[in-house]
Amino acid sequence: MQASATLSPAIEPVSIPVRELLPWAVFGSMLLLLAIYFVGVEEGAMAVFNTMYVHEFVHDGRHLLGFPCH
């Protein structure tokens, strides 16, 4: 019995132009900054919303990430 070897074409990586990646990187950075704002800053005098709903929603996340809140 002889094993037959099959050759498959080599897989080459696809290059992604920076012009196509840059808008997604900026969008992701803006979402990250917005999330950090709501988790880290949204309370007290700097609050955008007058209620404590956002603070209570992200309260455990604040402690997990090391932000002081009380």
Side-chain angles (χ1 to χ4, degrees):
M1 242 170 139
Q2 185 179 18
S4 63
T6 58
L7 298 175
S8 61
I11 299 173
E12 295 184 23
V14 178
S15 64
I16 301 173
V18 174
R19 280 180 282 165
E20 292 181 16
L21 186 63
L22 188 61
W24 290 103
V26 170
F27 177 68
S29 299
M30 296 301 279
L31 284 180
L32 182 65
L33 287 174
L34 185 67
I36 289 174
Y37 169 77
F38 277 115
V39 172
V41 181
E42 180 66 29
E43 83 171 308
M46 298 292 292
V48 172
F49 303 106
N50 290 333
T51 61
M52 293 293 285
Y53 292 124
V54 174
H55 172 78
E56 292 300 327
F57 184 72
V58 298
H59 187 224
D60 293 334
R62 291 174 64 89
H63 289 296
L64 181 68
L65 295 173
F67 287 101
C69 65
H70 52 85

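All heavy atoms count here, side chains included; hydrogens, waters and symmetry mates do not. Please read all numbers here as calculations on a predicted model, not as lab measurements.
- Expressed to the nearest 0.5 Å, how far CG of L21 lies from OG of S15 amounts to 11.5 Å.
- Both F57 and L65 belong to a common hydrophobic cluster when Ile, Leu, Val, Met, Phe, Trp and Tyr are linked at side-chain heavy-atom distances under 4.5 angstrom.
- Few gaps surround CG on L31; more than 12 heavy atoms of other groups in view lie less than 6.0 Å from it.
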